[in-house]
Amino acid sequence: MERTGTDFIRSMISRDLETGKYGGRVVTRFPPEPNGYLHIGHAKSICLNFGLAAEHEGGRCHLRFDDTNPTTEDETFVEAIKADIHWLGFDWGAHLYHASDYFERLYEYGVELIEKGLAYVDSSTEKEIQDLRGSVTEPGRNSPFRDRSVEENLDLFRRMRAGEFEDGAHVLRARIDMAHPNMVMRDPVLVRIRHAHHYRRGNDWPIYPLYDFAHCLSDSIEGITHSLCTLEFENNREIYDWLLLNTSAPEPRPEQTEFARLNLEYTITSKRKLKALVEEGHVRGWDDPRMPTLAGLRRRGVTPEAIRSFCDMVGVAKANSTIDLAKLDYAIRNDLNYRAPRAFAVLDPVPVVITNYQEGESEVFDAPSFPPDVGKPGTRSLPFSRDIYIDRSDFAEDPPKGYRRLVPGGEVRLKHAYVIRLERVVKDGNGDVSLLECTYDPASRGGATADGRKIGGTIHWVSRAQAVPATVRLYEPLFTVADPSNAEDFRLVLNPESERVLGGAVVEPGAAAVRPGTHLQFERSGYFFADPADSTDGSVVFNRVVGLRDGWKPPALESGEAEQAPRSASPSRPPPSTGEVAGDRGDPRDSLKAPEHLDRYDAMVAAGAPEGLASNLARDAELAALFRGGEPESDGHGGALAKWLVHEVGRARDESGANLEDLVPQALGRLVAAVEAGRFSHHQGRGLLESLLEGTTLEDAAKGLGEADDDGAIDDILSGLMDSNPDKVEAYREGKEGLLGFFVGQALRQADGRPDPKRVSERARALLGS
RNA sequence: AGCCCCGUGGUGUAAUUGGCAACACGUCUGACUCUGGAUCAGAAGAGUCCUGGUUCGAACCCAGGCGGGGCUACCA
């Protein structure tokens, strides 16, 4: 219940709740087809639909399997989808449904349409139906079977169901309009013959409904109120509404609303392509940690909380967009920071010997599992000895500026242990560093210096004797370009380094003993997850869920050799429009096609309406009639009347749903004339128009409007406002001129809208300026 | 070419009857720090695709452009 009106769908639902359109019910549904695995894009839809239900008292979200295509669907997907939704944290309770349970009802609706003459059995071939559909620019043509009798249609449809015909012999089609500008409405196929085994209905049904037919009616059967789907179904809304309207589907009818699907940088969410990735072996399976499937994300170590918070951040809107991968990373880190105990792992070890530490000696440090700011309890035992490992990246013989780790002759802190100084770098025959000889400061036990000297860097380490080898996998985006779905072939932009398996990594003993499915933060490195499937008793496999945010960058390279990180590719977005080529606007008459429009246009221009407005009005019978009726009363202000009709009357109708039928044209004409004569301000005129629309006469509405407040009263209000908003006065005087609107608007509100805003604006300007 | 939808900082979204362009991610400072993490403080960055119009006042209303997306399965 906590969030309402934050996005266009929630605003719509709030509105519906206010108007009581659905009797206060909010019933949504998530309708997956069981032919693939759920991915991050579905997560957005799940969070939306189940979230909406949870936000409203008595709200429900149904899980409905849209299983109308027997040839692609399977029970295993059903179970996987259910598991994924539960894992994400949502529950449909008793409301589990299957479109395949509605086949009988759907068949009856088909019969109903036939009886109404709104559907027919077409015996054309698939190819013929295609050919007759026309194209986006050409109308389609009627099928030769379009005018079959109701009896014949009924008989054929019954026999289709009885299984008398081969696949493709006939289809049931809606009888709408083969020349419809919306291709979806050109007699869409409703039902087809398919002698196939359905995973739930077995061989009971030789005919299957198509999406457009099944979906809206399934929604209706379940009492769905808000049917939310993605943008690509926008054109299908028309058939959705048509079917509900033309069958006995009860009111109130569900309504379809479309929102933009989730697109993520460097990620593909097409079922087909995901499938290819798996089947061609580019990944190890649907749950490969690099996959954007919920199974893959889970396997990688991403938590449901992180995904939910990500979806929350992303929001819901109608604009096509692509989300920055950094946003997902943020959501993951933000969750794991409080969840993952800290541990040390050296990913690329280089041996260190502490020469002044007693040989054979060792000690154990108690290190906290969480940093103080996370504030969770727990410690782990960290063995320390003369021989340790540190990460190769934590040493530099020739450090870049600002480097705060181990350098020759420099000190660094081994976290939770001692401060050490690098005395000698030992290299092997290839010139590679093979050993770092250091000395430690015994007085720095635990990490603090005795003399209070500052130690710039702190690094992690692992004692060599107790170090446990572990397999560590580093993940990066699966693709090298931000928009792989636009690539000619997504296979060509696969990132060969999407998974790097580190062989030589070592971890502290506690980390090696962790149960599969545990999250850890390897300090200064990232968040890791003990892979639940690949880890074995003896050895843990760690997946890097996401790296730590790295606040340090080496100073920019001189020669401008920018690093070629895979992510550096920018999404190929089109350049913004410059909007030039405005050119000349042409003759307004050109935009008018119908002869009656032209007639109206000519008449209005003759009566003094400007051409641009006249062409606008000419296409609107209602407004044109008002012009015709009001013009004689407008005292020769036909132009002004046209302006009012287009800008004020039209708006009142389209925006507030005002009914124009009761508007007396003559009154409107007199109103416009009065405003033109200066008897009312334009602002007051608007108020009068509102009254007129409600059936009040102009004379009644105008009563008491004449005595507009004088300047003195206006000034009083304004000074009051200035006194109570000194900060805004100052901001205005410092150049924030937009605040003028604040003062004018507030003053007008206080004065009940009576004074002429023009006057108020002038006075405000004068008073504020002084 | 027809129909439908959509254009607000680098990215994603807000802006409650037209009245201070806001929030988050990212970026950059600085503080703090035994994680170059977290946290805290701050900054830069859009004048709302363009051009006109209406209005005292337009991201919002009107007109015309421009740009992007979707639609021509017996898939969903």
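Naming convention: chains lettered A, B, ... in sequence-line order (proteins, then strands); numbering from 1 in each chain.
A/Ala448 comes within 4.0 angstrom of a base, heavy atoms only. Residue A/Gly457 is out of contact with every strand shown, counting any heavy-atom pair closer than 4.0 Å. Using a 4.0 Å heavy-atom cutoff across all strands shown, A/Leu613 reaches no nucleic acid atom at all. Backbone-only contact: A/Asn616 has heavy atoms under 4.0 Å from sugar-phosphate atoms and none from a base. Among the protein residues, A/Gly612 comes within range of no part of the nucleic acid, since none of its heavy atoms lies under 4.0 Å from any strand. At a threshold of 4.0 angstrom between heavy atoms, the contacts of A/Val189 are confined to the sugar-phosphate backbone, with no base atom among them. Contact annotation for A/Val316: backbone-only contact, meaning every heavy-atom pair under 4.0 Å involves sugar-phosphate atoms and none involves a base. A/Leu231 comes within contact range of no nucleotide atom at all, as no heavy-atom separation falls under 4.0 Å. Residue contacts for A/Leu210: at a heavy-atom cut-off of 4.0 Å it reaches the sugar-phosphate backbone alone, with no base atom in range. Residue A/Lys271 is out of contact with every strand shown, counting any heavy-atom pair closer than 4.0 Å. A/Val171 comes within contact range of at least one nucleobase, with a heavy-atom separation under 4.0 Å. Within the 4.0 angstrom heavy-atom criterion, no nucleotide atom of any strand lies near A/Glu762. Within the 4.0 angstrom heavy-atom criterion, only backbone atoms of the sugar-phosphate kind lie near A/Glu655; the bases stay farther away. Base contact: A/Gly741 has a heavy atom under 4.0 Å from a base atom.
Atom name C1', nucleotides B/rU35 and B/rG9: the rounded distance is 32 Å, in whole Å. Going from the C1' atom of B/rU17 to that of B/rU13 covers 23 Å, rounded to whole Å. Rounded to the nearest Å, the gap between the P atom of B/rC56 and that of B/rA46 is 31 Å. Taking the C1' atom of each, B/rU54 and B/rA1 are spaced 33 Å apart, rounded to whole Å. Between B/rC40 and B/rU11, the distance separating the two C1' atoms is 25 Å to the nearest Å. Going from the C1' atom of B/rA22 to that of B/rA14 covers 6 Å, rounded to whole Å. Rounded to a whole angstrom, the distance from the P atom of B/rA59 to that of B/rU33 is 47 Å. Distance check on atom C1': B/rU27 versus B/rA44 gives 9 Å, rounded to whole Å.
When the nucleotides B/rA14, B/rC56, B/rA73 are ranked by their closest atom to the side chain of A/Asp7, B/rA14 comes out on top. Comparing B/rG69, B/rG36, B/rC71 by their nearest atom to the side chain of A/Asn320 picks out B/rG69. Closest to the side chain of A/Asn236, from the set B/rA76, B/rG53, B/rU72, is B/rA76. Checking B/rU17, B/rC62, B/rA63 against the side-chain heavy atoms of A/Arg749 singles out B/rU17 as nearest. Looking at the side chain of A/Phe742, the nearest of the listed nucleotides B/rC20, B/rC74, B/rU35 is B/rC20. For A/His683, counting side-chain heavy atoms from C-beta on, the closest listed nucleotide (B/rC74, B/rC56, B/rU54) is B/rC56. The side chain of A/Asn235 lies closest to B/rG70 when the candidates are B/rG70, B/rU35, B/rG18. Nearest to the side-chain atoms of A/Asp324 among the listed nucleotides B/rC20, B/rG19, B/rU11 stands B/rU11. With distances taken from any side-chain atom of A/Glu523 to the nucleotides B/rU54, B/rU13, B/rU35, the minimum falls on B/rU35. Which of B/rU13, B/rU35, B/rC56 sits closest to the side chain of A/Ser321 comes down to B/rU13.
Contact annotation: A/Arg133 side-chain N/O to B/rC74 OP1/OP2 distance is under 4.0 Å. OP1 and OP2 of B/rG36 both lie 4.0 Å or more from every side-chain N or O belonging to A/Arg549. Not one side-chain nitrogen or oxygen of A/Lys318 sits closer than 4.0 Å to the OP1 or OP2 atom of B/rG12. For A/Arg686 and B/rG18, the shortest distance from a side-chain N or O to OP1 or OP2 is not below 4.0 Å. Contact annotation: A/Thr68 reaches the phosphate of B/rA76 (side-chain N/O to OP1 or OP2, under 4.0 Å). Phosphate contact (OP1/OP2 of B/rG2, side-chain N/O of A/Ser135, threshold under 4.0 Å): absent.
Straight-line distance from the CZ atom of A/Phe233 to the C1' atom of B/rG70: 11 Å, rounded to whole Å. Atom OH of A/Tyr330 and atom P of B/rU27 are 12 Å apart (whole Å). As a whole-Å value, the separation of A/Phe743 CZ from B/rC56 P is 21 Å. The separation between A/Leu406 atom CG and B/rG36 atom P is 13 Å, rounded to whole Å. At whole-Å resolution of the value, CZ in A/Arg651 and C1' in B/rC61 are 4 Å apart. Whole-Å rounding puts the A/Phe30 CZ to B/rA76 P distance at 16 Å. As rounded to whole Å, 16 Å separates atom P of B/rA73 from atom CD of A/Glu232. Rounded to an integer number of Å, the gap from A/Arg342 CZ to B/rU35 P is 11 Å.
Counting heavy atoms from C-beta on, the side chains of A/Trp461 and A/Asp391 never come closer than 4.5 Å.
Using modelled atom types and a 3.5 Å distance limit, the side chains of A/Glu238 and A/His180 yield a donor-acceptor pair. Of the N and O atoms on the side chains of A/Glu258 and A/Gln256, at least one donor lies less than 3.5 Å from an acceptor on the other residue. Counting only N and O atoms by type, the side chains of A/Asp122 and A/Ser124 include a donor and acceptor under 3.5 Å apart.
Relative orientation of the A/Phe165 and A/His170 rings is perpendicular, given thresholds of 30° and 60° on the angle between their planes. Between A/Tyr240 and A/His215, the ring planes lie tilted relative to each other; the angle falls in the 30° to 60° range.
Under 4.0 Å is where a charged nitrogen must lie from a carboxylate oxygen, and between A/Arg765 and A/Glu762 no such pair does.
Annotation: of the two residues near RNA chain B, A/Glu33 and A/Leu414, the 5′-most nearest-nucleotide partner is A/Leu414.
B/rG47: glycosidic angle within 90° of 0, hence syn. Annotated as syn: B/rA73, whose glycosidic dihedral is within 90° of 0.
Donor-acceptor pairing under 3.5 Å, judged by distance alone, is present between the side chain of A/Gln521 and the base of B/rU35. At a cut-off of 3.5 angstrom, the base of B/rG37 holds at least one donor-acceptor pair with the side chain of A/Asp373.
Ring to ring, A/Tyr418 and A/Phe384 are close: their centroids are under 6.0 angstrom apart. Under the 6.0 Å cut-off for aromatic ring centres, A/Trp644 and A/His682 qualify, their centroids lying closer than that.
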TODO: Go through the steps to decide whether A/Lys44 and A/Phe259 satisfy the test side-chain contact (heavy atoms from CB on, under 4.5 Å), and finish with yes or no.
DONE: CA-CA 10 Å; A/Lys44 175 177 179 177; A/Phe259 63 91; 4.1 Å; yes
